[in-house]
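Okay, structure first, notes after.
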Amino acid sequence: HDPIHHYSPPRNFVENTFNNTVLPRQLRRLSAIFTVSQTSKRALCELYRLPPEHVKVVPNGIDLALWRPTERSPASAPPYLLVVSANRPYKNTVELLAHHRLWADRYRLVIVSTRGRYGGVVRDSIRAFGLEHVVDLLDDLTEPELIRLYQDCTAAVYPSLIEGFGRPALEAMAVG
């Protein structure tokens, strides 16, 4: 479980109702709850008044046989920054776009996962800042395609405002 819905509530009425009424009761009935970090565990215990022994931390993991450093591909000649999982407001991608003067003259920006309402906000911001010529939006990538993007980027950028433990940080570290 991840408490992100508490800090960044979804716009969906049904999901909000579930998160605020059904979920708290269900969490108190469970004998164990699994989460990805100590930070998430503390938040869950505080938010739902759960005993710490009922919340177990199981960190994110990835297959290091696949996610590993490699030489940069010659096809990646134009240097680019990579943002992965830009599909929610707390991911803060629009803030990165707003500060395009810090990067747009030196790097392209590749943004992965822009589905949903916030993806529309990201696309609108790209147009508003006139960044169509330096920003690429990608969705529906295979794992090997995503790994190659990480391996070839100049830097992975993760402007998120709050995370339990975001997988993109782990993925970026794994590929160096």
Side-chain angles (χ1 to χ4, degrees), residues 1-23 35-37 39-40 43-44 47 60 62 66-67 72-176:
H1 185 65
D2 186 336
I4 198 67
H5 68 271
H6 178 77
Y7 303 105
S8 181
R11 294 180 185 170
N12 180 307
F13 173 77
V14 173
E15 194 175 346
N16 272 327
T17 301
F18 175 82
N19 288 338
N20 294 323
T21 58
V22 177
L23 183 62
T35 191
V36 297
S37 70
T39 300
S40 290
L44 289 169
L47 289 170
N60 281 324
I62 57 176
L66 298 173
W67 291 86
R72 282 194 68 184
S73 167
S76 65
Y80 66 92
L81 305 176
L82 178 65
V83 176
V84 175
S85 188
N87 56 355
R88 303 277 184 175
Y90 66 88
K91 298 295 186 174
N92 211 26
T93 307
V94 170
E95 183 78 10
L96 178 63
L97 295 168
H99 288 88
H100 62 277
R101 286 181 178 82
L102 299 173
W103 54 265
D105 61 335
R106 291 177 289 164
Y107 302 103
R108 293 193 62 74
L109 181 65
V110 176
I111 303 175
V112 176
S113 185
T114 57
R115 298 249 190 249
R117 290 184 191 155
Y118 189 63
V121 173
V122 170
R123 283 186 286 285
D124 291 345
S125 296
I126 291 166
R127 280 190 295 278
F129 294 122
L131 299 173
E132 299 94 331
H133 65 288
V134 293
V135 177
D136 299 314
L137 301 175
L138 303 175
D139 285 300
D140 302 322
L141 299 177
T142 65
E143 187 175 28
E145 290 169 331
L146 182 59
I147 291 168
R148 176 50 71 188
L149 280 174
Y150 273 112
Q151 290 169 331
D152 289 346
C153 74
T154 301
V157 182
Y158 201 54
S160 182
L161 295 171
I162 185 166
E163 293 286 340
F165 184 88
R167 225 181 119 88
L170 182 64
E171 293 167 346
M173 288 187 288
V175 301

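Positions are given from 1, in the same order as the sequence printed here.
Listed by first and then second residue, the side-chain hydrogen bond (donor to acceptor under 3.5 Å, both in side chains) pairs involving residues 100-110 are Arg108-Asp136 (not counting sequence neighbours).
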Side chains of residues 167-176: which donor-acceptor pairs under 3.5 Å do they make with residues two or more places apart or in other chains?
residue	atom	partner	partner atom	Å
Arg167	NE	Glu171	OE2	3.0
Arg167	NH1	Gly61	O	3.1
Glu171	OE1	Tyr150	OH	2.8

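Proximity of a side-chain donor or acceptor of Glu95 to a complementary backbone N or O of Asn92 within less than 3.5 Å is not detected. Side chain of Ser40 to backbone of Val36: no donor-acceptor contact under 3.5 angstrom is found.
Here the CD1-CG distance, from Ile111 to Leu138, works out to 9.5 Å after rounding to the nearest 0.5 Å. Once rounded to the nearest 0.5 Å, the distance linking CG of Leu23 with CD of Glu15 reads 10.5 Å. Annotation: the span from Leu109 atom CG to Leu131 atom CG amounts to 8.5 Å, rounded to 0.5 Å.
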Before you tell me yes or no, could you show the steps for Thr93 and Tyr118 under side chain to side chain contact (heavy atoms under 4.5 Å, CB included), namely the whole-Å CA-CA distance, both residues' side-chain angles and the distance that decides it to 0.1 Å? CA-CA 9 Å; Thr93 307; Tyr118 189 63; 4.0 Å; yes
I would like to know whether Ser113 and Val84 meet side chain to side chain contact (heavy atoms under 4.5 Å, CB included); could you show each step before the answer? CA-CA 6 Å; Ser113 185; Val84 175; 5.7 Å; no
Can you check side chain to side chain contact (heavy atoms under 4.5 Å, CB included) on Leu96 and Val157, steps first, answer last? CA-CA 9 Å; Leu96 178 63; Val157 182; 3.9 Å; yes
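Taking 4.5 Å as the limit, every side-chain heavy atom of Val83 sits out of range of all side-chain heavy atoms of Val112. Using a 4.5 Å heavy-atom threshold, the side chains of Trp67 and Leu146 count as touching. Looking only at side-chain heavy atoms (C-beta outward), Leu82 and Thr154 stay at 4.5 Å or farther from each other. Residues Leu44 and Thr35 are in side-chain contact: their nearest non-hydrogen atoms beyond the backbone lie under 4.5 Å apart.
Glu143 and Leu66 make their closest contact through OE1-CD1, 3.8 Å (heavy atoms, listed as atom of the first residue, atom of the second, distance). The heavy-atom pair separating Val110 from Tyr80 by the smallest distance is CG2-CD1, 3.6 Å.
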